[in-house]
Amino acid sequence: MERGINTRCLHLEETEGKTENYGAISYPIYQTATYAHPGVGQSTGFDYSRLQNPTKEHLEKVVASLEGGIDALALSSGMAAITLLMEIFKPGDHLIAEADLYGGCIRLFDHVSKKNGITFTTANCSKDDIEQFIQPNTKAIYIETPTNPMMNVSDIRKIAEIAKKHNLLLIVDNTFLSPYFQNPLELGADVVVHSGTKFLGGHNDTLAGFLVTNRADISEKLRFLIKTTGAGLQPFDSWLILRGIKTLGIRMEQAQKNAMAIAEWLKKQPIVTKVIYPGLEEHPGHEIMKKQARGFGSMLTFSTDTKEHALAILSEVKIIKFAESLGGVETLITYPTTQTHADVPEEIRIKNGITDCTLRLSTGIEDCKDLIAELTEVFEKIQSK
Ligand SMILES: *Cc1c(COP(=O)(O)O)cnc(C)c1O
């Protein structure tokens with residue numbers, strides 16, 4: 001019987017029944033760059049930390065188990081992970097990419113990958129017929145679901161079928177839901193990307209990234225690349241992410257509860273013109289999410305009637321921090337126009353629906369009543385002006 005995800009967040013089956021590391025319950029931080037050899041031509045299994053480190057390896061096994069992959073690679077950030085992944089493609093290759101991706105991804109594809117000879121067609125993967133964009137040199141489909149920040153939901157199973165039919169890789173950035181709520185490999189994806197900085201780490205205290213796959217050929221390529229390019233996660237950061245993962249489940253549940261309550265509250269506010277949260281029944285992706293995920297997450301986007309109101313909210317909040325990033329225990333509010341999506345050309349930003357009135361909220365695990373009380377106070381103050 002497969003163990004539940006909360007158990008898998010804490011225990012790695014393969015190391016059980018042993019009292020390695022003096023029986024330490026918290027996996028030790030092997031803060032070492034290199035390893036002594038028992039003899040010529042012999043190895044402890046570890047030779048040099050760019051290749052592998054025990055703390056990092058333990059974390060990778062935990063993440064692989066959470067996503068149902070055969071291998072997971074831990075990298076120094078989400079962007080380091082995506083950059084490494086792009087190295088499996090060669091000049092002349094073509095990718096179909098979701099139009100409403102994380103801003104840093106759009107920047108990477110536009111300014112680095114294109115320079116390396118890779119071309120892209122952007123598609124609204126939640127609506128468009130993707131098959132029409134496939135060219136003879138197309139090698140992969142790259143999606144996020146729900147997207148950042150517009151929360152568009154794509155049908156992973158359906159896109160995976162198209163990918164299989166045309167022999168393309170399906171890459172899914174699963175950062176927004178984490179393996180607690182969604183497992184794209186089980187739905188037909190070949191590679192899952194995570195910014196471990198977000199829900200997996202969960203404490204806004206370090207950066208990390210992951211690539212998870214269930215294909216031996218891809219794992220082999222990525223292992224060669226990580227050892228060659230050197231962006232692996234460091235031992236202490238690996239330990240921080242391991243510690244964060246221990247509470248993934250209870251954090252995701254509490255943050256989701258807060259998101260649902262705030263989404264309902266926002267809907268009733270006269271200065272709010274739109275609330276986009278997949279947990280709301282009226283969200284166009286609600287039914288698909290029910291089929292492919294176990295929850296709706298804690299990311300929501302809303303629009304105010306004026307830019308001035310959006311800016312006033314950002315300057316008045318106190319418990320809720322006006323900061324980039326998401327997925328941590330603290331509630332954060334973001335202004336995509338000048339933060340996460342500042343480098344995305346204005347016309348594309350507007351086309352994707354991001355305006356001067358768009359705000360993105362990542363709910364944390366605070367008491368919901370305190371978050372609502374703060375929002376009530378802020379909205380009353382703004383409206384009385
Ligand atoms: C933050 C984020 C990234 C980039 O990860 P970093 O850890 O910040 O480098 C990629 N994808 C999504 C969806 C993100 O939210």
Side-chain angles (χ1 to χ4, degrees), residues 60-75 78-90 92-99 101-102 105 108-109 113 116 118-123 125-126 128-131 133-147 153-179 181-196 200 209-227 229 231 288 291-293:
E60 290 176 340
K61 286 179 175 166
V62 171
V63 172
S65 128
L66 298 184
E67 279 292 9
I70 59 161
D71 195 15
L73 287 86
L75 292 110
M79 289 320 300
I82 302 164
T83 303
L84 187 88
L85 180 61
M86 292 312 289
E87 291 294 333
I88 69 175
F89 301 106
K90 51 182 197 313
D93 285 352
H94 170 257
L95 271 73
I96 297 167
E98 163 62 46
L101 288 180
Y102 172 72
C105 251
L108 176 77
F109 293 170
S113 308
N116 294 339
I118 297 162
T119 55
F120 294 86
T121 299
T122 52
C125 296
S126 58
D128 295 346
D129 164 23
I130 294 179
E131 233 165 345
F133 302 119
I134 297 173
Q135 305 174 5
N137 57 341
T138 304
K139 292 287 157 41
I141 303 171
Y142 189 107
I143 65 169
E144 261 176 48
T145 178
T147 62
V153 173
S154 297
D155 189 328
I156 300 176
R157 276 193 196 90
K158 226 162 91 186
I159 297 174
E161 271 171 33
I162 297 171
K164 292 276 169 313
K165 185 172 149 201
H166 296 272
N167 202 20
L168 313 178
L169 289 183
L170 175 59
I171 302 161
V172 181
D173 184 332
N174 199 29
T175 299
F176 265 34
L177 288 180
S178 91
F181 283 137
Q182 182 170 272
N183 295 120
L185 297 178
E186 285 172 9
L187 303 166
D190 302 287
V191 181
V192 166
V193 173
H194 276 288
S195 168
L200 289 168
F210 293 95
L211 297 173
V212 194
T213 184
N214 50 11
R215 279 183 43 178
D217 58 330
I218 296 173
S219 155
E220 195 184 325
K221 279 185 195 165
L222 294 174
R223 285 281 160 205
F224 172 80
L225 286 167
I226 196 172
K227 132 180 127 180
T229 60
I288 296 172
K291 279 190 259 166
Q292 69 185 16

Handout entry: Heavy-atom closest contact (Leu185 atom, Asn214 atom, distance)
Key = CB-ND2, 3.7 Å
Problem - Least distance between heavy atoms, Asp190 atom then Thr213 atom - result: O-OG1, 2.8 Å
Practice task
Count the heavy atoms belonging to other residues, nucleotides or ligands that lie under 6.0 Å from CD of Glu131, then report whether that count exceeds 12.
Solution key: yes
Exercise for the section: For residues Glu67 and Phe210, determine if any side-chain heavy atom of one lies less than 4.5 Å from a side-chain heavy atom of the other. Expected result: no
Completion exercise
Taken to the nearest 0.5 Å, the spacing of Phe89 CZ from Lys221 NZ works out to 8.5 Å
Handout entry: Least distance between heavy atoms, Ala123 atom then Ile96 atom
Key = CB-CG2, 4.1 Å
Problem - Sub-4.5 Å side-chain heavy-atom contact between His194 and Asp173 - result: no
Exercise for the section: Check whether any side-chain heavy atom of Lys90 lies under 4.5 Å from a side-chain heavy atom of Lys139, and answer yes or no. Expected result: yes
Practice task
Please lay out, stage by stage, how Tyr142 and Phe120 fare under the test ring-ring contact (aromatic ring centres under 6.0 Å, His included).
Solution key: CA-CA 10 Å; Tyr142 189 107; Phe120 294 86; 8.5 Å; no
Completion exercise
Between Thr145 and Ser154 the two heavy atoms that sit nearest each other are OG1-N, 2.9 Å
Practice task
State the CG-CD1 distance between Leu211 and Ile226, to the nearest 0.5 angstrom.
Solution key: 8.0 Å
Practice task
Before giving the answer on salt bridge (charged side-chain N to carboxylate O under 4.0 Å, His left out), spell out for Asp71 and Arg215 the whole-Å C-alpha distance, their side-chain angles and the decisive distance to 0.1 Å.
Solution key: CA-CA 8 Å; Asp71 195 15; Arg215 279 183 43 178; over 6 Å; no
Problem - Non-hydrogen side-chain atoms of Asp128 and Phe133 separated by less than 4.5 Å - result: yes
Practice task
Check whether any side-chain heavy atom of Ile141 sits under 4.5 Å from a side-chain heavy atom of Ile171, and report yes or no.
Solution key: no
Handout entry: Interatomic distance, Ser113 atom OG to Leu108 atom CG [nearest 0.5 angstrom]
Key = 4.0 Å
Problem - Distance in Å, Leu225 CG paired with Glu220 CD, rounded so as to fall on 0.5 Å steps - result: 11.0 Å
Practice task
Would you indicate whether Lys158, at its atom NZ, is surrounded by more than 12 heavy atoms from other residues, nucleotides or ligands within a distance under 6.0 Å?
Solution key: no
Practice task
Return the minimal non-hydrogen interatomic distance between Ile143 and Cys125, and the atom names on each side.
Solution key: CG2-SG, 3.7 Å
Practice task
Compute whether any side-chain donor of one residue and acceptor of the other, for Thr138 and His94, lie under 3.5 angstrom apart.
Solution key: yes
Problem - Note, Thr147 side chain near Glu98 side chain (heavy atom, < 4.5 Å) - result: yes
Practice task
Kindly indicate, with the supporting measurements, whether the criterion side chain to side chain contact (heavy atoms under 4.5 Å, CB included) is fulfilled by Val153 and Ser126.
Solution key: CA-CA 6 Å; Val153 173; Ser126 58; 5.7 Å; no
Exercise for the section: Go through the steps for Ile162 and Ile134 under the test side chain to side chain contact (heavy atoms under 4.5 Å, CB included), then give the verdict. Expected result: CA-CA 10 Å; Ile162 297 171; Ile134 297 173; 3.9 Å; yes
Exercise for the section: Can you measure from NZ (Lys227) to CG (Leu73) and round to the nearest 0.5 angstrom? Expected result: 12.0 Å
Practice task
For the residue pair Leu222 and Ile88, establish whether any side-chain heavy-atom pair is separated by less than 4.5 Å.
Solution key: yes
Problem - Side chains of Gln182 and Ile156 in contact at under 4.5 Å (non-hydrogen atoms) - result: yes
Problem - Nearest atoms (heavy-atom pairs only) where Ala189 meets Val172 - result: CB-CG2, 3.7 Å
Practice task
Measure the CD-CG distance between Glu144 and Asn174 for me, rounded to the nearest 0.5 Å.
Solution key: 10.0 Å
Practice task
Answer yes or no: are there more than 12 heavy-atom neighbours, outside Asn167 itself, under 6.0 Å from its atom CG?
Solution key: no
Practice task
Given side chain to side chain contact (heavy atoms under 4.5 Å, CB included), test Phe109 with Leu101 step by step and report yes or no.
Solution key: CA-CA 11 Å; Phe109 293 170; Leu101 288 180; 3.6 Å; yes
